[in-house]
Amino acid sequence: MKIKQLADGPYDPNKTETNILEYWLENSFYKPETAQEILGKQGIKNPNKFTIINPPPNAYAKPHMGNVSGYAYQDVFGRRARMLGKKVLMFPGKDHAAQQAEIVYIRDVLAPQGKSKDDFTRDEFYAEAYSYFNKIMKIAQDDEKRIGLSSDFDRDLFTLDPRVAATVYNTFSKMWSDSIVYKGVRIVNWSPGLNSAVADIDTERKEIDSHMYYIKYALPESAKGVHENIKKISTDLTSSYTAKVVQKNKIKNTYLAKVNNNYIYFYSTSTFKENDEINLINIGWSVFLKGSVCAVAVTEENKITGTISEIKNSEIFKAIFNSVNVYDKNIVSNQIPNGSAFLILEDEFTQELNEDDKNLQNKYAKGFIIGTVRPETVFGDTAIAVNPNDERFLDMIEQKIKLNSAYGEIELLVIADPGVDKEFGTGLLKLTPAHSATDYEIYLRYNNSNETRPINYKNVIGKDSKLNHLCGKYEGMHAEDDRDNIANSMEDEGFVVFKEKAKSNIVICERTKTIIQPIMSSQWFIDTDKLKLPALDAVEKEDVKIYPEYMTKKLGVWLKNLRDWPISRSIWWGYRIPVWYKGEITENTDANGNIVLSIGGQEIKNLPEAVEKGLAKLSLPSEFNPILIPGRFAPENANFYAEIKKKYPWAEQIYTGEIDQTFADYEKAFAKTNFENRVVVAHSLGAPAIIDYILDKKIKIKSLILIAPSNPDSANFNSDKDRGFWKNIERISDIANFCENVTVIYSDNDEHFSVQNFKDFIQKLGEGVVSVEELNKAHFATRKYSYHSEELANLLAKYESVYKAEKESLEKDGWVQDNDVFDTWFSSGQWPIATLTAEGLMDYYPTDVMETGYDILELWISRMLMLGLYLTGEVPFKNVYLHGLIKGEDGQKMSKSKGNLVYTEDIISEYGADALRMMYIVGNKAGAGYKVDRQKLKGYRNFLNKIWNVSRFTLSNLGGSSESDLEKIKIKVAEIKIRISPEEIKLEELQTVAKIKITELLEGKDINLIMQSSVATLLKNVDEHFTNFRIGMAAEEIYMHFWHVFADIYIEQIKSKIFLTDREGNPIQRTEGETQERIDTLATLLVIFQKYLQLLHPFIPFLTEEIWQHIPSELKDSETIMYSQLATYRE
RNA sequence: GGGCAGUUAGCUCAAUUGGUAGAGCAAUUCGUUUACACCGAAUAGGUUACAGGUUCGAGUCCUGUACUGCCCACCA
């Protein structure tokens, strides 16, 4: 037995890490197939599976520290599982990041070449982008390997791989037939920067300074009638009064009219003398008219002091008084606070208006004043909404009111909706369903409960952000840039009564930072109602556990509030929506502001109608996609399907559990599959199952190929005929009505067992005319047992050519494919299924851990959960571990613009991958952010050196022993059991005790037993930490224990027992007992040392493997530490 | 406006769910003793943001306050 010695320190990670990486890759240690083989040799015959799908990073950029941090966690889980005897699959991939990648590609690749998207056809653009990203992806993979991620890189999968495409399109197809996906005209977030719709979650809010415009909706003819109302005002000017109002809200007043530096409000209750000098102080606002009494008050900071007359004669007073009033009768504000002061007006406050001055008439006309920060949307108003409990407007609800507005005379319905805040602005909400998500919701709510009298939307802003033909003279003006012009013009006409500065939240596009324009447009949506409930249920029932736990609640709330998910994006980079139209599909705004869809010039109401008329259809890319149904004990008994799937990546394999003869499992699996017009291959018991299913559900399929498990002339047939395929196949005679052709393959003979044969067979059998044996003799005498794979291949090839021919004719026949592509989250939301399906590994589903940053909990985790449950009925992962976001050295979020990006390769070359992994993991907890910390990195580099030197100590002391001693050590090693012995001193508790004292305490005790006990405790604690996903604590505890118990205490204590020479180099004489003690100690040292290496391996794989390689094979259970078995602690 | 998280040593963060507040780095002192100076031995550093409460016992649970960060949201 020879013990290789380690080089002198300090440890240099750069020398060893790349070699170790090469060793792992060369030996394919990362593959589950290798795991199966190695574990098998170790006596673990049926290892449990353990699966982690690596979140695919975006393919377009060089990864920085933040991108890579997740791999450290994923790898810890994976490596530990491997060392616990599991067959580990870690599946890497890269994401095409549709929208973002297209922007980056155009900006960073095309623009510097002086090119733009317009220089390419769609296909050219796609091809060039694909080859570019293909190159870039390699960089990301290098980083993944370099940090030690032990994923099966041979399987690295791109989200635009044809095999993924198959899953993505099949999912869409299933959603199409389940009516979960629809194309609808609906409000969308239109990003002018992307020239595409984006989902809510791709937007962010920003507070900006803007104006609140108070817009007049005048009652026609009311300008003339102004006197009448005023005349009714009664006065009781008996005493002077200083207005003083109990105030509640300090923010709302800033929204109010500010005129001549004073805020002006209306109030009532009290009286003033005409010439009283008064101070009006108030902070509330209320239009108040009872018996035509009106009053005004001002804020405390801006008292109006003056006589009543002076106040009344102020311009603003007149404006407000005349404008913000009433539609009808007596309207009472219900929120006059106690102690309010009121100014009562008299009928002298009237004014003869010049009949010709229309603008003034508008300004002083009675009507509504409604506050808005977006005056340009008034052209899209289709209703006025009030709170149902707002007493001021009770009479008006459900009335249609003719109004003069900035765009002429219109009729608006007043509706009630609880969403309207009666205290905001004037308590009235102008409803613009086409250009406000809020209004759109109210619009939907109203129309859902008032089907007989629906309100409309009116789209007045185009995708170019400009006002359209419905805006009269404002047509062509820009909704954002020309806002002030529009408002000024309205002000001149008297329709903007006053304006004031206000803060407003605008929605901007997260990617391009342009202002989102809510507009009506036809987009593809996923109806999330049917998807979110199972997801919500899974979260609540803890079918999927989320770490940190508090994020569970966050996800639940998000799911509950989820609206329909827009999945179409108007870009080229991604999966093109597989729906075809008979001619161009166009979207126009008609005279009423409705969005009208036409296909090839023919107007359609909605897509189902178009489909019915033959103007639209779903047509998946022309990849042949047969459905493969396994026989009993699926899917293992259908291994031959793997061959088919190699040739046809689009083939869709049905996964079932063990099948009983009631076919319950089949039915469950079938329900998730769309059989419509497909070629179906069914093996053995799958054949009767699918026949029954097709007949029951009345599904039309294209072709059915049945593979019989036995041949009627086989020796087994007599027993087979009463069960399985043969017993259950009776209904085959009816199937001809549901598919174009049926073929049964069971022999080497080219003759097929046709439907007609079967019909005859079954009929005669049923009539008792023939026996099975007779038929067997007549028809099957020459057939052999095994099924004919070549024949199956030929058949499929034939169907494929038919299938492709059909598809290719689409464009010739004038069909045009939808121009949009899927949202990137639509495809990545199916990632666990797409990856495993692509490799035929669905038996690894559901996966064990999904590890990712908490920032994409809603974006990604939720989608995977919904789609996973939808497609398979099972959660895609059992645990979700969310790591915190890593910040730059300055403590700020890392971003290119801040210039604080730290690249992984720089850190690794300075400190090594192991130290970096430690920095990511030790002492950190799920969900909590942390900084790139060079002090920590230095500390962990020192730790690695410590391990190196402890290893040198251990190996050199073993190496110094004689061959016979080594043999004795080997025997002793096998006897050592790491157990907790409760009576002994606990070493881990002595860390803070002075070292001299420890030596005293240990006098006469068996240090080896005490150490074993201490390590056992460590093992147990680490188990617990892992069970609860506290990996940061696990790492920290191992670190502490290794350094301060093992190195500082144990090794110091045993030195005298194992050294062969004294300080002067003279040999030490030992008694027989002392020699035995030395052997025992070295054996214990070795066992414990290995245990530490194993415990440390998931965290610092490179160093531990390097050291492991120096331990002689005779003294270890596995050549690589990756597969050495670290049993969990058992009492 | 709502929700969630956080506030602990000079700095960065832990504390296994209520049981003596810890680590790394930094600081001070000592020590080059056959693994290690990328080391060892020792020292100092805390009213756990604040104010109450429950408890034998609170960093941890409850109530409130003040900051910080994140997410969500229909105040037009």
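Each chain gets a letter, A, B and so on, in the order the sequences are listed, and its residues count up from 1.
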Peer 1: In whole Å, what separates the C1' atom of B:U16 from that of B:A21?
Peer 2: 15 Å
Peer 1: If you check every side-chain atom of A:W1043, which of B:U16, B:A76, B:G40 has the closest atom?
Peer 2: B:G40
Peer 1: According to the interplanar angle, ranging from 0 to 90°, do the rings of A:F943 and A:W1043 count as parallel (below 30°), tilted (30 to 60°) or perpendicular (above 60°)?
Peer 2: parallel
Peer 1: Check whether any side-chain nitrogen or oxygen of A:R563 sits under 4.0 Å from OP1 or OP2 of B:C74, and answer yes or no.
Peer 2: yes
Peer 1: Do any side-chain nitrogens or oxygens of A:K553 fall under 4.0 Å of OP1 or OP2 in B:C4?
Peer 2: yes
Peer 1: Which label fits B:U17, syn or anti, where anti is any glycosidic angle not within 90° of 0?
Peer 2: syn
Peer 1: Measure centre to centre between the rings of A:F1046 and A:Y1092, then say whether the value is under 6.0 Å.
Peer 2: yes
Peer 1: Counting just side-chain N and O atoms, does A:K936 come under 4.0 Å of either OP1 or OP2 of B:C11?
Peer 2: no
Peer 1: Looking at every strand, decide which applies to A:D439 at a 4.0 Å heavy-atom threshold: base, sugar-phosphate, or nothing.
Peer 2: nothing
Peer 1: More 5' along RNA chain B: A:R374 or A:S951, using each one's nearest nucleotide?
Peer 2: A:S951
Peer 1: Quick one: A:L955 CG to B:C36 P, roughly how many Å, whole number?
Peer 2: 14 Å
Peer 1: Does the separation of the ring centres of A:Y881 and A:Y73 fall below 6.0 angstrom?
Peer 2: yes
Peer 1: Rounded to whole angstrom, note down the C1' distance from B:A14 over to B:G31.
Peer 2: 31 Å
Peer 1: Write down the distance separating the C1' atoms in B:A44 and B:G1, rounded off to the nearest Å.
Peer 2: 49 Å
Peer 1: Looking only at atom P, what distance separates B:G2 and B:U60, rounded to whole Å?
Peer 2: 25 Å
Peer 1: Working note: A:Y854 + A:L885, criterion side chain to side chain contact (heavy atoms under 4.5 Å, CB included); need CA distance, chi angles, decisive distance, verdict.
Peer 2: CA-CA 8 Å; A:Y854 74 85; A:L885 298 192; 3.7 Å; yes
Peer 1: Using a strict cut-off of less than 4.0 Å between a Lys/Arg side-chain nitrogen and an Asp/Glu carboxylate oxygen, indicate whether A:E441 and A:R563 qualify as a salt bridge.
Peer 2: yes
Peer 1: What interatomic distance, in whole Å, is found between C1' of B:U8 and the corresponding atom of B:C13?
Peer 2: 10 Å
Peer 1: If each of A:K938 and A:I442 is mapped to the nucleotide of RNA chain B with the nearest heavy atom, which maps nearer the 5' terminus, i.e. the 5' end?
Peer 2: A:K938
Peer 1: If the P atom of B:U47 is compared with that of B:C56, how far apart are they to the nearest Å?
Peer 2: 27 Å
Peer 1: Consider the side chain of A:N942, meaning its heavy atoms from C-beta on, and name the nucleotide among B:C39, B:G24, B:A14 that approaches it most closely.
Peer 2: B:C39
Peer 1: Considering only atom P, compute the distance from B:A51 to B:A66 and round it to an integer number of Å.
Peer 2: 15 Å
Peer 1: Go through B:A5, B:U16, B:C36 for me and flag the one nearest to the A:M1033 side chain.
Peer 2: B:U16
Peer 1: Would you say the base of B:A35 and the side-chain of A:E1052 have a donor-acceptor pair closer than 3.5 Å?
Peer 2: yes
Peer 1: Has the side chain of A:K554 got a donor or acceptor that lies under 3.5 Å from a partner of the other kind on the base of B:C71?
Peer 2: no
